[in-house]
Structures are given as C-alpha cells and as structure tokens.
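Nothing here was measured: the structure is a model prediction, and the numbers come from that model. Just so you know, ligand 1 is whichever comes first in the structure, and atom 1 is the first atom listed for that ligand. Atoms considered below: every heavy atom in the structure, side chains included; atoms not considered: hydrogens, waters and symmetry mates.
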Amino acid sequence: MISSLIGRMVQFITLVLVLLTASAVNAATSRISLASTVIFDVMRYGAKGNGKTDDSQAFMKAWTAACQSKPNAKSIVNIPGGRTYLLKPVAFTGPCKPSKMFVQVSGNIVGSPRKGDWMSNHADSWLQFSNVNGLTVNGKGRIDGLGPMWWKNPCISPPPPGVTCHAPVEVQFKRCHGMRLNGLTLVNSPRVHLLLTTCNGAIVSNIHIISPETSPNTDGINIAGSTNVNVRDSVIAAGDDCIAISGGSSNIKISGIMCGPGHGISIGSLGHGGTDIVENVDVRNCTMRKTLAGVRIKTYQGGVGYAKKISFTGIKFDAVYNPIIIDQYYCPTKQDCLSSATTVKLSDITFRGISGTSNMENVINLSCSKTVACTNIVVDRVYIKSAIPGRKVYGSCINAHGRATHVKPYLNCLKP
Ligand SMILES: *[C@@H]1O[C@H](CO)[C@@H](O)[C@H](O)[C@H]1NC(C)=O
Ligand SMILES: *[C@@H]1O[C@H](CO)[C@@H](O)[C@H](O)[C@H]1NC(C)=O
C-alpha cells in the first residue's frame with residue numbers, strides 16, 4: 001500500500017521534473033507557448049542589456065509583439081535579470097489583444113546620459129504605459145532616471161524666454177484599467193517617480209522609491225484623475241511629497257507607507273485653475289520620519305470644487321516638521337498670492353489615532369478659507385509632542401468647524 005503510494009509519488013515527481021525541464025529548454029529559445037502563456041523576451045528582440053547600447057527599439061518590438069498576440073493568451077514581456085538596459089523615452093501603448101498583459105522586470109533600466117535622447121513625442125514622461133487593460137508590471141528591477149543631471153537643470157534644451165522647463169516623469173500609467181504594479185525600485189527620478197493619470201482600479205504594492213531629500217520636485221507617487229486606487233506596503237524617500245493625490249480622484253486607499261525624507265502625504269494642491277473634486281480618500285497605517293509635512297490638504301485661493309470624506313488614521317510621526325496641516329492659502333511662489341472669496345470646499349475630514357513627535361511648535365494647523373469654512377473636521381485621539389525635550393507644542397485654526405476629542409495639544413478652536 002505505502003510502497004505503491006510512494007511509487008506513484010515518484011512517478012508524479014518525475015513527470016513534474018520532465019515538464020519543468022521542458023519549459024526550461026523552451027525558455028532558452030525565449031518565445032515559448034506553455035498552455036496559453038506566451039513569453040516575449042527583450043533579449044530575443046535585440047536588447048543588449050549592457051547599460052550602454054540603446055535598447056529602446058528592442059523593448060518596443062517585444063511590447064508590440066506581446067500586445068498584438070493571441071487574444072486569449074497571457075502575454076509576458078520578459079526583461080531578464082543580471083543586466084542593465086539603457087532606454088530613451090518609450091511609450092508602451094494599448095489597446096492590446098490579450099486580456100492580460102504582464103511585464104516582468106527582473107533587470108535594471110537606466111535612462112540615457114545624453115539629454116538630447118530624452119526628446120519624446122509622448123509629452124513629458126520617460127516610461128509611459130497607456131490605454132492597456134489588465135496590465136501587471138512586476139519584479140525586483142531598479143529603474144534609474146539619472147536624476148542628478150535633471151535636478152541641476154530641468155531643461156533638455158535652452159527654453160524660449162519666459163518658459164519654465166519640467167523635467168520628465170519617470171514612470172507614468174495613463175488611462176489604465178485594472179493595473180497592478182508590484183516590487184519595483186524607482187530611483188533618482190528627473191521629477192515625479194510614479195504618475196497615475198486617468199486610471200481606474202489600480203493596485204501599487206511593495207514599491208521602493210529612493211531620491212535624496214534635496215532633489216527638487218521628485219514626488220514619490222502622484223495620483224491624478226483616477227478612481228479605485230490602492231497604494232500599499234511601500235517605502236518612499238523623496239525630495240517632495242511622498243504621495244500626492246490631486247483633482248478628479250476618488251476611492252483612494254493608501255496604507256502601510258513608510259515616508260521620509262519627503263514632504264509627507266498630501267491631498268492637492270487643489271484649485272489651481274479649473275474645478276477640482278477629490279472624494280473618499282483613506283490614508284492609514286503610515287509612518288513619517290523627518291518629513292517636512294506629515295498629512296496635509298492644500299488648496300489655492302480662488303479655486304472651484306470640493307474635497308470631502310478624507311481620513312487619516314493610524315499615522316505615526318517621528319520628528320516631522322509640520323505634522324497636521326489644512327492650508328487653504330497655498331501659494332508656493334509667495335508672489336501675487338490671490339485672496340479670493342471662492343475656494344475648494346473642504347468637509348468630512350478626519351484625523352484619528354495619530355501620534356508622535358514634531359520638530360516645530362505648531363503641530364496642528366487647520367487654516368481654512370476665511371469665506372468658505374471647513375465643516376465636519378474630526379480630530380480624535382491625536383497626541384503630538386515636541387521632538388525636543390521640554391519644548392511646548394500648540395495647534396491653531398482659521399474658520400475650521402467640527403470636533404476635537406482626546407487631542408494633545410489642546411485645540412480650542414474645535415468643539416470638544
Ligand atoms: C502597517 O504597515 C506596516 C508597514 O509599514 C506593515 O508591516 C503592517 O503589517 C501594517 N499593519 C496593518 C494592520 O495593516
Ligand atoms: C498656519 O498655516 C497658515 C497658512 O499657510 C500660515 O499662514 C500660518 O502662518 C500657519 N500658522 C502657524 C502658527 O504656523
């Protein structure tokens with residue numbers, strides 16, 4: 001009985017080994033058909049992966065072949081590990097025939113060290129995925145946008161007088177549906193590391209973003225005009241906002257983020273021309289270390305629209321400069337700052353279960369518009385003390401309405 005069982009197990013294991021060997025042999029020829037999975041290996045499409053030769057064309061060819069392959073197959077664009085691929089700006093566009101597209105990034109990707117190579121016809125992002133449904137980008141690869149050459153000068157060529165240059169975004173997903181991004185490391189972006197625009201249903205997880213504190217405009221993740229987005233379990237060190245959520249975004253969940261250095265997690269800035277609406281944002285279980293801001297909502301004077309149902313819960317601060325901020329007077333240039341009767345209306349904003357230390361004395365600053373009040377602001381179980389022993393901290397408000405319960409420092413501007 002037992003020996004025949006063992007015999008069958010041996011048979012079964014042998015069969016599995018034979019299948020595995022067969023697939024390994026097939027993998028060597030790189031475009032394999034295993035059931036309905038088809039692999040498109042960039043090496044087979046001519047990539048060199050030596051970090052010096054331009055591999056953009058090979059990547060485009062592998063992508064195009066994968067995107068145009070069988071509708072009911074699973075297409076995998078494979079970027080093998082142990083190599084570095086040099087890319088100019090590349091647009092990976094859909095729609096694609098397969099219902100699911102995978103990009104396996106095991107190797108590293110680096111930008112061209114020649115700025116002239118960064119001219120692109122797809123606006124201002126370096127690696128752009130657009131119009132692809134059911135796209136998964138996964139792997140332990142490292143994406144390097146050669147930030148230092150952009151931080152000194154964001155222009156590709158000298159701009160006409162009066163024109164401000166914006167360095168490229170490192171990775172952008174545009175008009176995506178059901179996107180998954182997992183595991184990658186994004187370093188030294190020229191500007192924003194990861195930008196999601198007009199995406200619906202996206203999960204970003206286990207991402208590592210690394211740029212120095214002094215690098216200008218290097219937001220970690222920007223979410224704009226997108227719905228049903230979940231960003232979780234990621235570590236972000238950047239020179240600007242770790243995560244910024246801007247107009248047209250709703251049902252956004254952020255959790256398990258380690259942020260610092262950086263400017264914290266931010267809604268906005270909103271109301272800078274046009275109507276901005278942000279709704280249902282849930283930020284929880286995040287830690288900020290030595291960030292310039294902690295959690296904040298920033299709007300310009302004179303904007304139109306609203307932001308509501310926004311909650312920050314379970315946040316820990318370690319020596320953060322400005323832990324909790326509502327700033328409806330946002331004006332980064334500090335010049336010609338409007339004072340206006342209109343603004344983006346803020347309501348149903350919750351700060352709950354927040355604790356830690358601050359390097360500044362003003363630890364809660366709820367500065368709402370003088371003409372349009374913030375309503376239903378809830379501050380509950382928030383305890384922030386100074387990172388400097390013995391120093392006092394305080395909170396302040398302008399036109400903020402709602403409740404403060406179990407809050408230290410005491411906020412006398414909200415009802416208990
Ligand atoms: C909170 O986030 C940390 C990572 O920052 C993670 O390890 C932990 O599991 C999370 N806890 C919950 C309850 O989600
Ligand atoms: C609170 O924020 C407002 C708006 O940015 C600013 O003008 C004010 O100086 C801040 N208050 C303190 C005490 O820092």
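The N/O atoms of S367, backbone and side chain alike, include one that comes under 3.5 Å of an N/O atom in ligand 2. Remark: ligand 2 and S396 share no N or O pair separated by less than 3.5 Å (distance only, no angle test). Between Y329 and ligand 2, no N or O atom pair is found at a separation short of 3.5 Å.
Note on D327 versus K298: no salt bridge recorded, every NZ/NE/NH1/NH2 to OD/OE distance being 4.0 Å or above. Contact check on D318 versus K316 returns no salt bridge, with no Lys/Arg side-chain nitrogen under 4.0 Å from an Asp/Glu carboxylate oxygen.
A salt bridge (Lys or Arg N to Asp or Glu O under 4.0 Å) check over residues 75-96, counting only residues at least two apart or in different chains, returns the pairs D54-K88.
Closer than 4.0 angstrom to ligand 1 by heavy atom are G256, N285, sorted by chain and number.
Disulfide criterion (SG-SG under 2.5 Å) for C199 and C176: met.
Among D124, D219, D241, the single residue meeting the salt bridge (charged side-chain N to carboxylate O under 4.0 Å, His left out) criterion with R191 is D124.
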Inset, instruction - Go through the steps for C286 and C259 under the test disulfide (SG to SG under 2.5 Å), then give the verdict. - result: CA-CA 8 Å; C286 296; C259 162; over 6 Å; no
Can you give each donor-acceptor pair under 3.5 Å made by side-chain atoms of residues 349-357, sequence neighbours left out, with the distance rounded to 0.1 Å?
unit_1	atom_1	unit_2	atom_2	d
R352	NE	D380	OD2	2.9
T357	OG1	A319	N	2.8

Check residues 141-167 and write down every donor-acceptor pair under 3.5 Å in which the side-chain atom is one partner and the other belongs to a residue at least two apart or another chain.
unit_1	atom_1	unit_2	atom_2	d
D144	OD1	L146	N	2.8
W151	NE1	S189	O	2.9
N153	OD1	C155	N	3.0

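Counting only N and O atoms by type, the side chains of Q328 and S367 include no donor and acceptor under 3.5 Å apart.
Ligand 2 places these atoms under 4.0 Å from at least one heavy atom of D327: 4 (C), 5 (O). Taking every non-hydrogen atom of N365 and a distance limit under 4.0 Å, the qualifying atoms of ligand 2 come out as 1 (C), 2 (O), 3 (C), 8 (C), 10 (C), 11 (N), 12 (C), 14 (O).
Residue contacts with ligand 2 include Y394, since one or more of its heavy atoms lies under 4.0 Å from the ligand.
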